[in-house]
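Please read the structure below before turning to the comments.
In this text the structure is predicted, and so the values were computed from the model without any measurement.
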Amino acid sequence: MEIRYGKEPLDLRLCALRMLRKWWILPTCILAGAALFAGIYYLTQIAFTPATYVTETEYYVEYKDAITYEQQYTFYNQNTWESLARTDLFVDTIKEKAWEAGCELSTDEINEALRTTLLTDVRVVHATVVTEEAFKTMAITNALPEAFKRFGEAQREIDEIRVITSAEEAVKKALDNRTIPAAILGAVVAFFITLFVMYIFTILDKSVYLPIELTRRFGIHAAKGESEKDESVYFDEASETLYVKSGDKNTTVIEKMLSDLKNENKTVKEMVLFDTDEKLYKAYYATALKRK
């Protein structure tokens, strides 16, 4: 007798049927994954994220005309404006004007709140102010015209900076609620992880569910039958039959029993699998017949 457990081919049909017996695990885990991802996203991005208030204004930069080669100037690009808005002159002017309006701001607060950039025209600077308080947003916004004016006066390349569009009030920014996409992502991730884990547990299961598994694994004819005993594995010397209980995680016990019997010069002519799951048995052979 040769034990072929390590060489036994994977029966995908049986594997799938065994996984289907625990089908309820899949939707349960999918729902749990969706709830987990949605919950984490909602708590971190929505529930505990403070509201923000935004203003957007635009300023036109009038550059001086170049007269001589030495006086040829270039327009400030986007990266330049992003850094210039953080210069001491610019920030100090905002602090001063905000303080006059009753709002005390730090340099870090201003740098965090203000963004200046170029959208299409190199002469038009777009300024965005975002803070968690409408009053602070407006204090910075109202200080920008004076800050741009003083800044332009200090630059030899610039003749004038004037306001194109202003903001009368700060607008509360709507949160980008992506809870539903997060839930969908969680469901998809949970689906694949659950299938993988179910598959791994199925192929690592040490139980025997069908007689054909015993025949493939141990090279001994096996049949479905009944047993007078409830022992997981036992040998009947009179009939030279080894009885195996189905679904009892007893493959290792079977191997040891066969090895001991071989050492005792006892022959196992047949194996009987009892307590077999009838639904699984019928489903397996029903699908096998359909395939034929």
Give the intermediate values and the outcome of side-chain contact (heavy atoms from CB on, under 4.5 Å) for residues Val129 and Leu144. CA-CA 10 Å; Val129 180; Leu144 285 178; 4.0 Å; yes
I'd like to check Gln45 versus Arg178 (side-chain heavy atoms, cut-off strictly below 4.5 Å). Are they in contact? no
Tell me if a side-chain donor or acceptor on Thr194 pairs with a main-chain N or O of Phe191 at a distance below 3.5 Å. no
To the nearest 0.5 Å, how far apart are CZ in Arg216 and CG in Leu210? 8.5 Å
Can you get from Tyr281 to Tyr243 by hopping between Ile, Leu, Val, Met, Phe, Trp and Tyr side chains that sit under 4.5 Å apart? no
Apply the test side chain to side chain donor-acceptor pair (under 3.5 Å) to residues Asp205 and Ser207: give CA-CA distance (whole Å), side-chain angles for both, the deciding distance (0.1 Å), then the verdict. CA-CA 6 Å; Asp205 188 1; Ser207 300; 3.1 Å; yes
Whether the side chain of Arg86 engages the backbone of Asn111 through a donor-acceptor N/O pair (distance < 3.5 Å, no angle test) should be reported. yes
Under a 4.0 Å N-O cut-off, is there an ion pair linking Lys206 with Glu255? no
Roughly how far apart are Glu153 CD and Asp159 CG, rounded to 0.5 Å? 10.5 Å
Do Ile94 and Met138 share a hydrophobic cluster, counting only Ile, Leu, Val, Met, Phe, Trp and Tyr and linking them when any side-chain heavy atoms are less than 4.5 Å apart? no
Give a yes or no answer on whether the side chain of Thr93 reaches the backbone of Ala147 with a donor-acceptor pair at less than 3.5 Å. no
How far does OG1 of Thr215 sit from CZ of Arg217, to the nearest 0.5 angstrom? 11.0 Å
State the CE-CG distance between Met271 and Leu214, to the nearest 0.5 angstrom. 4.5 Å
Would you find a donor on one side and an acceptor on the other, under 3.5 Å apart, between the side chain of Asn250 and the backbone of Val253? no
Think Arg123 forms a cation-pi with Tyr63, using NZ or CZ under 6.0 Å from the six-ring centre and within 45 degrees of its axis? no
Check this for me: Glu112, atom CD, are more than 12 non-hydrogen atoms of other residues, nucleotides or ligands nearer than 6.0 Å? no
What verdict does the side-chain contact (heavy atoms from CB on, under 4.5 Å) test give for Thr128 and Thr55, after you've listed the backbone C-alpha separation in whole Å, the side-chain angles of each residue and the deciding distance to 0.1 Å? CA-CA 6 Å; Thr128 303; Thr55 61; over 6 Å; no
Would Lys245 and Asp230 pass as an ion pair if we require N to O under 4.0 Å? yes
Evaluate Ile203 against Cys15 for side-chain contact (heavy atoms from CB on, under 4.5 Å), listing each step before the verdict. CA-CA 7 Å; Ile203 63 176; Cys15 183; 4.2 Å; yes
A side-chain contact here means heavy atoms from C-beta on lying under 4.5 Å apart; do Tyr209 and Asp277 qualify? no
Would the number of heavy atoms belonging to other residues, nucleotides or ligands and lying under 6.0 Å from CD of Glu278 be above 12? yes
Between Ala113 and Ile140 the two heavy atoms that sit nearest each other are CB-CD1, 3.7 Å
Is the NZ or CZ atom of Lys266 positioned over Phe235's six-membered ring, under 6.0 angstrom from the centre and within 45° of the axis? no
For side chain to side chain donor-acceptor pair (under 3.5 Å), just list the numbers for Tyr59 and Thr116, CA-CA rounded to whole Å, side-chain angles, deciding distance to a tenth of an Å, and then say yes or no. CA-CA 10 Å; Tyr59 303 85; Thr116 53; over 6 Å; no
Say whether Leu31 and Trp24 are linked into one hydrophobic cluster, either directly or through other cluster members, by side-chain heavy-atom distances under 4.5 angstrom. no
Could you tell me whether Glu226 atom CD has more than 12 heavy atoms of other residues or ligands within 6.0 Å of it? no
Tell me the closest heavy-atom pair linking Phe90 and Leu84, and the distance in Å. CB-O, 3.9 Å
Give me the atom names and distance for the closest heavy-atom approach of Thr165 to Thr57. O-CB, 3.3 Å
Please indicate whether Glu104 has more than 12 foreign heavy atoms, meaning atoms of other residues, nucleotides or ligands, lying under 6.0 Å from its CD. no
As a quick check of understanding, evaluate side-chain contact (heavy atoms from CB on, under 4.5 Å) for Glu146 and Lys149, giving each step before the final call. CA-CA 5 Å; Glu146 182 65 24; Lys149 177 184 176 183; 4.0 Å; yes
Mark yes when over 12 heavy atoms from residues, nucleotides or ligands other than Phe135 sit less than 6.0 Å from its CZ; otherwise mark no. yes
Interatomic spacing from CG in Leu114 to OG1 in Thr137 - rounded to 0.5 Å: 11.0 Å
Under 3.5 Å: donor-acceptor pair, side chain of Ser246, backbone of Phe274: no
Is the closest side-chain heavy-atom distance between Leu195 and Met19 below 4.5 Å? yes
Sidechain-backbone polar pair: Arg21 side chain, Leu17 backbone, donor-acceptor under 3.5 Å: no
Would you say the side chain of Ile220 lies within less than 4.5 Å of the side chain of Leu258, judging by non-hydrogen atoms? yes
Does one hydrophobic cluster hold both Val163 and Phe148, with members joined at side-chain heavy-atom distances below 4.5 Å? yes
Do Glu100 and Lys97 meet the salt-bridge criterion of a basic N to acidic O distance under 4.0 Å? yes
Stepwise side chain to side chain donor-acceptor pair (under 3.5 Å) test for Thr107 and Lys95: CA-CA 8 Å; Thr107 299; Lys95 282 184 182 180; 2.7 Å; yes
Over all heavy atoms of both residues, which pair between Ala139 and Ala98 is shortest? Give the atoms and the distance, please. CB-CB, 4.2 Å
Treating Ile, Leu, Val, Met, Phe, Trp and Tyr as nodes and any side-chain heavy-atom pair under 4.5 angstrom as an edge, say whether Phe218 and Met257 lie in one connected cluster. yes
Within the side chain of Thr131, is there an N or O that forms a donor-acceptor pair under 3.5 Å with the backbone of Glu133? yes
Can you tell me how far apart OH (Tyr284) and CD (Glu213) are? Round to the nearest 0.5 Å. 8.0 Å
Evaluate whether atom CD1 of Ile164 has more than 12 neighbouring non-hydrogen atoms of other residues, nucleotides or ligands under 6.0 angstrom away. yes
